[in-house]
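Per chain, numbering begins at 1; letters A, B, ... match sequence-line order.
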Number of protein chains: 2
Amino acid sequence: MKKIAAENYNLPLTLLQSKGNTSVVPLNWEKHVLYLLDQRLLPHEETWLSYRSAKDVAQAIKDMVVRGAPAIGITAAFGMVLAAYGLKHKNRDLFVEKWLEKAAFMLQARPTAVNLKWAVERLEKLARRHYELSPGDLTAILEKEAISIWTEDVRANIAIGFHGQALLPETGGVLTHCNAGGLATGGYGTALGVIRAALSRGKKINVIADETRPWLQGARLTAWELIKDGIAVTLVVDGAAGFLMQKGQIKAVVVGADRIAANGDVANKIGTYTVAELARANNIPFYVAAPVSTIDPFTPSGDQIPIEKRGPGEITTFAGKKIAATGVEVQNPVFDITSHHLITAIITELGVLTPPYGPAIYACFS
Amino acid sequence: MKKIAAENYNLPLTLLQSKGNTSVVPLNWEKHVLYLLDQRLLPHEETWLSYRSAKDVAQAIKDMVVRGAPAIGITAAFGMVLAAYGLKHKNRDLFVEKWLEKAAFMLQARPTAVNLKWAVERLEKLARRHYELSPGDLTAILEKEAISIWTEDVRANIAIGFHGQALLPETGGVLTHCNAGGLATGGYGTALGVIRAALSRGKKINVIADETRPWLQGARLTAWELIKDGIAVTLVVDGAAGFLMQKGQIKAVVVGADRIAANGDVANKIGTYTVAELARANNIPFYVAAPVSTIDPFTPSGDQIPIEKRGPGEITTFAGKKIAATGVEVQNPVFDITSHHLITAIITELGVLTPPYGPAIYACFS
């Protein structure tokens, strides 16, 4: 994985350009090579890494070179295309067998976001359906499908923005948690897509970003991509969101999602549940913006969503420097569950879902 | 202010020792010199700084060499003793006039914690009462009073611990936010005093500490002083406290206070209000532990408590390294107000106050 200059590969998607939208994108694809913007180094360095194998892509997802549920799904899809390119087997049966093994490995990269599973399973189904094709032809079909997954995600985000912007106030603060922006998706973003759409329609909202410990997605990624887009953003520590709500400085909250259960419970970055509880206590609407690919109709409620726990180093150290006292124990769950009771609406590309979420979600898959 | 070895001056208070308690203390006093443990450098370095003037002490409070409402009060008191020592005036009127000017300056160091005001005004009253004394005799009385303020605080904390431990569960997690420990007081601590007392009575509680952004008092100070005392502690990011509550891992919350209004509203470290709201939503008792010196009966409610805002650097940089994207705006309120509605009980040295807090607080001053 050699480091390459950002300018060479961070070409905005034609789709975004054609709509007059700007947004960073977290990945790029050229035949046989996937490029990922290393989000661990942002905002200090824009470094693009190149990947030529599914195994390395899975590791990149695990290591959070790329993060954000939709972006992980798209990345995994291209990883599976690289898997197909990498298989030397001329024998069709052996090719599919080996490719499915690599798919199973990819599925293990991260547990909470359902989009990874969704994207890989979509390619699996395609591979099974076209079992009769030669490895070369099947690879071409898989590549086409991965590009579709990416393009559809950008289209979905633009639709989410369109539906969601109507819900935001004309003026006042809009709070977001973590990064559900261009960097977390194929481009444009879900929660930040709603904010971009509201601003482009002339709404005078102020974006407020939780810094989002431990990984500081708000301070590092949301702030960076909005400022790059010319959008002003105010940063607060996670503990200050409630204070701003009490002071009337926040009129709405909009966040992304890593997985939405069949009853509308939402898994999202740790701290999201807290923001939702604060919003309820302060009578502020709490919106979740996510594509339908983030909805997992086979998981009945949030209780069944696996919550990833990461290592203590994310909390006890920063940039290699020790922060915390030696000998302290750590719990580092990186997602939490927000009950559907706390969610005012779920904004999807198909439209705005409102309670009761069960039937609304069912309808998305009918 | 030369750096001196910690061992020379961090002598545990006789009072603490005599009760068999251990706890770090944030300050020490020898005639003409105040020593402060530099809390900005903890847990990495134990550096004691020495102070010989009120002006330098005020700056140390402002710069957070020492923090925590009771510790600030005690420090300010010794600062005012240094002020008295520093005044060369043999003329009594001029001495008192200049000393009161320095008191007015000291009062400006930090706005939210009322203990600073309380301690300085206590010395002011004493000075006015003994106006007839010579500067030398008055200085001696002020020094004796400052030592009393310190000693009384330690006694108060031990009493708070005694009253408060009865409220904690026999087993399970107890969450604290920020540092209301030995480092924040004269020794032993308020919230951590309650925890120390519960543990010393054999309760099997697990201490859980919010890291407490931006200053990381939980990760740096609470974890450090508890581990130093042989008490295990689990660190979580501020956004994870709600997750642990949902999972039943937290049975009680206990925090300190920077100022308690006459109606029981509590100003405390930013993020405290959030913890209180989460506790209410999860049916977990939320306790505030503070000496009566933290109660401000002249402030009717939390709305009238001034909230200090500090610079953006506390959020955008860490240990000199930039964290956040360039160009981001910042709001950094460092305290918030928790409404008395969210507080199960206020634990003072005089006993446990329960709602309605107005009459209970009035009784403390009767």
So which part of B:Thr222 gets closer than 4.5 Å to some heavy atom of chain A, the side chain, the backbone, both or neither? neither

Nearest atoms (heavy-atom pairs only) where B:Gly242 meets A:Tyr273: O-CE2, 3.7 Å

Part of B:Asp303 lying under 4.5 Å from any heavy atom of chain A: neither

Please name the pair of heavy atoms, one in A:Thr234 and one in B:Val330, separated by the smallest distance, quoted to 0.1 Å. CG2-C, 4.0 Å

Does any backbone or side-chain atom of B:Leu216 lie under 4.5 Å from a heavy atom of chain A? Answer side chain, backbone, both or neither. side chain

Given a strict heavy-atom distance threshold of 4.5 Å, which part of B:Leu221 is in contact with chain A: side chain, backbone, both, or neither? neither

Counting only heavy atoms closer than 4.5 Å, note whether B:Glu314 contacts chain A via side chain, backbone, both or neither. neither

Using non-hydrogen atoms and a 4.5 Å limit, figure out which bit of B:Lys322 sits close to chain A: side chain, backbone, both or neither. both

Short side-chain to backbone donor-acceptor contact, B:Glu277 and A:Ala281, under 3.5 Å: no

Shortest non-hydrogen contact between A:Gly239 and B:Asp336, atoms and distance: O-OD2, 4.2 Å

Contact between B:Trp224 and A:Val328 at the side-chain level, heavy atoms closer than 4.5 Å - yes or no? no

Show the nearest heavy-atom pair for residues B:Leu244 and A:Gln331, with the distance to one decimal. CD1-OE1, 3.9 Å

